[in-house]
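Hydrogens, waters and symmetry mates play no part in the numbers below; they use all other heavy atoms, side chains included. Residue numbers start at 1 and run along the sequence shown. None of these values were measured; they are calculated from a predicted model.
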Amino acid sequence: VSMYAVSQLLRPLQFLPVALLAIAAARASVNRTIDDQNGDSVTGATPLYLPDTGVWNTGQNCTVCSIHADGKPIDTSQVFDGTWHDATYHTGPGDSGLIIQASFIGHAVYVYHIVLTAPISGVTTTTNLTFYIDNHLVGAYAHSTAQGSVPPVLYKVPVYSNDSLAQGEHTLQIITSGDSPAAVLFDYIEYTTEEDDPPSS
């Protein structure tokens with residue numbers, strides 16, 4: 001076999017590393033959101049709220065909530081998509097806790113809540129959150145209010161973040177329970193996932 005023939009046979013292999021690099025570079029990390037009411041920005045899937053009867057309120061529409069949008073203390077313009085879910089955890093018999101559950105495919109997740117920093121007369125304002133991913137305890141967040149705190153409300157507070165997950169499907173649970181009453185003002189979740197880039201010409 002002539003050297004020319006051998007070089008022609010090997011010629012396609014010269015471009016193989018470049019092709020492999022192109023394939024490897026064809027995936028990119030992108031951020032997506034799961035709004036409390038409008039759900040996943042891509043799939044539309046909405047979070048699950050438990051218990052599912054008589055506990056949770058859509059904050060921006062609630063007329064019986066002590067913490068509401070009419071005349072403050074919540075400024076709807078500061079809330080993601082103008083929506084949030086509101087509930088109060090009580091410690092009476094049969095109250096097993098409040099649960100927000102959402103599933104996503106990704107490798108990082110960030111949870112955002114509205115947090116009250118100043119007390120409101122007759123209203124539970126303490127924040128107490130525990131986080132589970134795939135049934136494993138992964139974190140907690142607690143905040144107590146103090147008289148004279150300014151501003152009295154904090155928006156889009158990152159109450160939990162995790163950027164070390166394996167890419168794949170995960171289930172996140174945000175749980176409020178324990179020995180003390182607590183308020184839940186859930187805004188949204190953000191997660192990071194791998195996505196194929198559009199093929200180049």
Side-chain angles (χ1 to χ4, degrees), residues 26-65 67-69 74-89 95-116 127-141 143 153-177 182-199:
R27 295 184 68 80
S29 290
V30 295
N31 290 331
R32 297 176 179 173
T33 56
I34 303 175
D35 182 59
D36 73 289
Q37 180 172 317
N38 300 318
D40 192 298
S41 57
V42 173
T43 69
T46 55
L48 176 66
Y49 298 94
L50 299 171
D52 57 2
T53 55
V55 176
W56 292 94
N57 300 290
T58 52
Q60 72 281 3
N61 298 325
C62 185
T63 57
V64 298
C65 299
I67 303 169
H68 54 82
I74 302 298
D75 181 356
T76 309
S77 68
Q78 299 293 318
V79 183
F80 184 82
D81 271 358
T83 70
W84 72 95
H85 264 64
D86 174 307
T88 301
Y89 167 71
D95 200 335
S96 58
L98 304 176
I99 301 173
I100 304 165
Q101 180 172 302
S103 296
F104 63 94
I105 297 175
H107 56 82
V109 65
Y110 312 90
V111 181
Y112 298 88
H113 276 234
I114 301 167
V115 173
L116 303 173
T127 302
N128 180 23
L129 306 168
T130 305
F131 304 92
Y132 287 79
I133 294 181
D134 304 330
N135 295 318
H136 297 288
L137 176 63
V138 292
Y141 177 92
H143 182 82
V153 181
L154 297 177
Y155 299 94
K156 300 177 183 176
V157 177
V159 293
Y160 178 73
S161 64
N162 188 332
D163 59 5
S164 60
L165 298 172
Q167 173 70 19
E169 185 172 356
H170 301 284
T171 298
L172 168 71
Q173 287 185 318
I174 307 165
I175 300 176
T176 294
S177 61
V184 180
L185 299 170
F186 168 59
D187 194 358
Y188 70 105
I189 297 167
E190 184 176 61
Y191 66 94
T192 307
T193 190
E194 296 291 324
E195 187 176 81
D196 289 336
D197 279 342

**OP:** Give the intermediate values and the outcome of side chain to side chain contact (heavy atoms under 4.5 Å, CB included) for residues Val109 and Glu190.
**Re:** CA-CA 6 Å; Val109 65; Glu190 184 176 61; over 6 Å; no
Original post:
Step by step, would you call His113 with His143 a side chain to side chain contact (heavy atoms under 4.5 Å, CB included)?
Top reply: CA-CA 12 Å; His113 276 234; His143 182 82; over 6 Å; no
Subject >> Evaluation steps, side chain to side chain contact (heavy atoms under 4.5 Å, CB included), between Val42 and Thr193 >> reply: CA-CA 12 Å; Val42 173; Thr193 190; over 6 Å; no
**OP:** Show the numbers, then the answer: is there a side chain to side chain contact (heavy atoms under 4.5 Å, CB included) between Tyr188 and Asp81?
**Re:** CA-CA 9 Å; Tyr188 70 105; Asp81 271 358; over 6 Å; no
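Contact detail for Ser177 and Gly97: the closest heavy-atom pair is CB-CA, 4.2 Å. Taking every heavy atom of both residues into account, Leu165 and Phe104 meet most closely at CD1-CZ, 3.9 Å. The shortest heavy-atom contact between Ile34 and Ala102 is CD1-CB, 4.2 Å. Summarising the geometry of Lys156 relative to Val79, their closest heavy-atom pair is CE-C, 4.2 Å, with the distance given to 0.1 Å. Here the closest heavy-atom approach between residue Glu194 and residue Ser29 is recorded as OE2-OG, 3.0 Å.
Side-chain atoms of Gln60 come within 3.5 Å of backbone N or O of Trp84 as a donor-acceptor pair. Between the Ser41 side chain and the Thr33 main chain, a donor and an acceptor come within less than 3.5 Å of each other. Of the possible donor and acceptor atoms, one in the side chain of Thr176 sits under 3.5 Å from a partner among the backbone N and O of Asn128.
Taking Tyr89 as the reference, nothing meets the ring pair (Phe, Tyr, Trp, His ring centres under 6.0 Å) condition, with sequence neighbours excluded.
Taking the side chain as every heavy atom from C-beta outward, Thr83 and Thr58 never approach each other to under 4.5 Å. Side-chain atoms of Gln173 and Thr130, non-hydrogen and from C-beta on, never get closer than 4.5 Å to each other. Within the 4.5 Å cutoff, the side chain of Tyr141 has heavy atoms near those of the Val157 side chain.
A distance of 12.5 Å separates CG of Leu129 from OH of Tyr160, quoted to the nearest 0.5 Å. Between the OH atom in Tyr110 and the OG1 atom in Thr192 there is a gap of 4.5 Å [rounded to 0.5 Å]. Separation of atoms CD1 (Ile175) and CD1 (Ile99) is listed at 4.5 Å; rounding is to 0.5 Å. The CD1 atom of Ile174 lies 5.0 Å from the CZ atom of Phe186; values are rounded to the nearest 0.5 Å. Annotation: the span from His170 atom NE2 to Ile133 atom CD1 amounts to 7.5 Å, rounded to 0.5 Å. To the nearest 0.5 Å, atom CG of residue Asp35 and atom CD1 of residue Ile189 are 10.0 Å apart.
The one candidate from Leu185, Leu154, Thr127 that meets the side chain to side chain contact (heavy atoms under 4.5 Å, CB included) condition with Leu116 is Leu185.
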Less than 3.5 Å apart, which donor and acceptor atoms pair up between the side chains of residues 43-56 and the rest of the protein, not counting sequence neighbours?
from, atom 1, to, atom 2, distance (Å)
Thr43, OG1, Ala45, N, 3.2
Tyr49, OH, Asp36, O, 2.7
Trp56, NE1, Leu50, O, 3.3

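Side-chain polar atoms of Asn162 and Ser164 form a donor-acceptor pair below 3.5 angstrom.
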